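Accompanying notes for the structure given below.
Since the model is a prediction, treat every value here as computed from it, not as a measurement. Heavy atoms only: backbone and side chains are in, while hydrogens, waters and symmetry mates are out. Protein chains get the first letters and strands the later ones, always in sequence-line order, with residue 1 at the start of each.
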Amino acid sequence: MKHKDGSADKYKDKHKEKKIKTLDGKVKKENGFASPPAVKSEPEDNFYHSPKNEKSLKRERDDDIDSDFKPKKVKIENDKKVKKRKPEEEVSPKKTKNKRAVADGKKKAKKEPEEKWKWWEEERYTDGSKWKFLEHKGPVFAPPYEPLPSQVKFFYDGKHMKLRPEAEEVATFFAKMLDHEYTSKDIFRKNFFKDWRKEMSAEEKTKLTDLKKCDFTEMSDYFKAQSEARKAMSKDAKLKIKEENERLLQLYGFCIMDNHRERIANFRIEPPGLFRGRGDHPKMGMLKRRIRPKDIIVNCSKDSKHPEPPPGTKWKEVRHDNKVTWLVSWTENIQGSIKYIMLNPSSRIKGEKDWQKYETARQLKKCVDRIRTQYREDWKSKEMRIRQRAVALYFIDKLALRAGNEKEEGETADTVGCCSLRVEHIKLYPENDGQEFVVEFDFLGKDSIRYYNKVPVEKRVRTGNQCFCFEDANFTSVLNKHLQELMDGLTAKVFRTYNASITLQQQLKQLTSAEENLPAKILSYNRANRAVAILCNHQRAPPKTFEKSMQNLQLRLTCIDTKRDQLSDAKRELKSSKADAKVRRDEKSKKTVETRKKAVERTEEQLMKLEVQATDREENKQIALGTSKLNYLDPRISVAWCKKWSIPVEKIYNKTQREKFAWAIDMAEDDFEF
DNA sequence: CACTTCACTTAGGAAATAGCTG
DNA sequence: CAGCTATTTCCTAAGTGAAGTG
């Protein structure tokens, strides 16, 4: 076990244990992170058996897709899809069509943004190339610095001081962050001041020696006023800005890849500013420098119209590498890493990869029992390495931990994953709360989000754990190599995908009941989603206005409640008038009876909806559903669920999400099994 | 093989926008 | 219709893991 000085204490008080209210109103003492027993449970009997029904329900078609979906060139075809396909597509062979389209593709693609191209019905490249044709307009650079108006002053040691634009710009970055807590942090200030000084003239450098004596308040107030002014702009002016943005988007926000016009994810270059890492980042406050054309590498196809650098400038390089997916790259100055401009998740190139990811996870489903048996076997191994490997794998599987690659010390915040856990992150209890062999995890993971969990483990793991000393340099790559041998394409993160998706499927099966109405079904969906988010430890800071908004909701709830009471009184009255109506056979009174009845129903429904909403929101206080929905849950599970229960898919996925998962929405039937 | 570099996915928070309510 | 809240989109940091390098 690696040792490291410093304890976890520094972040402990920041993340106090929370009491979580369950739906039935009970207040449960919880750490907020432990997986609910429904998700995964010991003893292992449950755990090591995939649900019985899975195999029997498995359909031939799914198997076809499974076996077809390899990084090979594959025609994803079956009778269903052929039927869907348009006749002319069936007639003309793909290749000819492609070639032709590449030649005249530009005009065609620009004019008619093609009625929903179904890339998932087409062949894929098998030669490792990502595209044959790529054309784009290059990146949009950050607007140049506009010096402050002369009345906005900067003071040093109480005296006005005019800064050269170079130094002034960096000062404005700081001024804009003045309200943030981190401008008071030592490291932030130290890093900022050091980098700021680099932008100063010799004279400025000698004068400005102490950050504490710098007064940025005028600058700060100026920017606040600016943003107020922007908010208060006339509708017309706002519309103009919107139109300009749209123009820019149309021009730079799309590329042509092969014969299709595809949306680019991030066509704007990151503007300069002060780096703010997450958590305790040693580089916080450093100056992120402005990116110029000569920093930019452009990637496009030879036979495309190359993007033009701004007048009087040159690109660093133009290359034609169709083995990669990026259009533009540059090297960032904080970590020295490479940044890329790539396509939107709705694009073919991202979608195919995403689909493939879920197919790999489904492959794992087929052999996970075998793998679990094996690593349990490996706990007994005489070789320490094998035992360690098996223990790490167990936690990656059981707790959906990230792999935990090593990182360069001092370059980033001190965070860990499974393979980089150190002694101070784990506590072992031979007995805890009446349970035998409990392991307590407490560490900061990705984005410095705390992972806290207490889990009972099997005896052998615990013994193995005593030599749970992952000293092996490159433990992750050792582990991944082993996984690769167990299954083609298997890596540590596949377990996260697999466990997330299978959990959603199980939970949906378990939580959805046919009698429930639509809002209740959606609550069930969200709860299934939530189980996954908890498993994956996807947290969020409780929204700043959470308490208030919760109160508002309660208020509305009581409002409607009283309204219901009133209405039920009215209903009673109605009953008598109903009888009356019958006798009189009066159309008018009959109608009032009907409308009143409807009003009661509507209110009931409203109440129900609000109640469900309140529950959902409360349960979601510090849990983020988005990340798992977007990155871990096979969308076909959700689509199938929607189809099965006749729920409009829009209730589950918003527009962007529907675009990203178009492939799944198109192909999954109500009986899809992950 | 050990180390670095590169490409790409995953992540939470901020900003912008949509939608609602009084 | 302003003002607020909820939702969506943007932003870019922070991971994973394979490929490249010497």
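- A:Ile338 meets the side chain to side chain contact (heavy atoms under 4.5 Å, CB included) test with A:Ser329, A:Thr331, A:Tyr340; sequence neighbours excluded.
- Residues that satisfy the side chain to side chain donor-acceptor pair (under 3.5 Å) test with A:Ser346, not counting sequence neighbours, are A:Asn344.
- The end-to-end axis angle of the helix from B:dC1-C:dG22 to B:dG22-C:dC1, rounded to 10 degrees and based on five pairs per end, is 10°.
- Place A:His538 and A:Thr325 on DNA chain B by their nearest nucleotides, and A:Thr325 ends up nearer the 5' end.
- When the side chain to side chain donor-acceptor pair (under 3.5 Å) test is applied to A:Gln226, the partners found at least two apart in sequence or on another chain are A:Tyr222.
- Legend: salt bridge (charged side-chain N to carboxylate O under 4.0 Å, His left out) pairs involving residues 622-635 of chain A, not counting sequence neighbours, sorted by first then second residue: A:Asp634-A:Arg636.
- A:Lys446 pairs by the salt bridge (Lys or Arg N to Asp or Glu O under 4.0 Å) definition with nothing, not counting sequence neighbours.
- Looking at residues two or more places apart in sequence or on another chain, you find no salt bridge (Lys or Arg N to Asp or Glu O under 4.0 Å) involving A:Arg617.
- Residues passing the salt bridge (Lys or Arg N to Asp or Glu O under 4.0 Å) test with A:Arg540, sequence neighbours excluded: none.
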Grab the N/O contacts between the protein and nucleotides 13-17 of chain B below 3.5 Å, and write none if there aren't any.
from: B:dG13; atom 1: OP2; to: A:Ala541; atom 2: N; distance (Å): 3.3

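- Remark: aromatic rings of A:Tyr182 and A:Phe188 are close, center separation under 6.0 Å.
- Among the heavy atoms of the strands lying under 4.0 Å from A:Lys130 are primed sugar atoms or P, OP1, OP2 only; no base atom is included.
- Remark: A:Asp195 pairs with A:Lys198, A:Met286, A:Leu287 by the side chain to side chain contact (heavy atoms under 4.5 Å, CB included) rule, at least two apart or across chains.
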Can you give one letter per nucleotide of nucleotides 15-22 of chain C, going 5' to 3': B for a protein heavy atom under 4.0 Å from the base, S for sugar-phosphate only, - for none?
SBBS----

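- Listed by chain and residue number, nothing satisfies the side chain to side chain contact (heavy atoms under 4.5 Å, CB included) test with A:Pro144 (two or more places apart in sequence, or in another chain).
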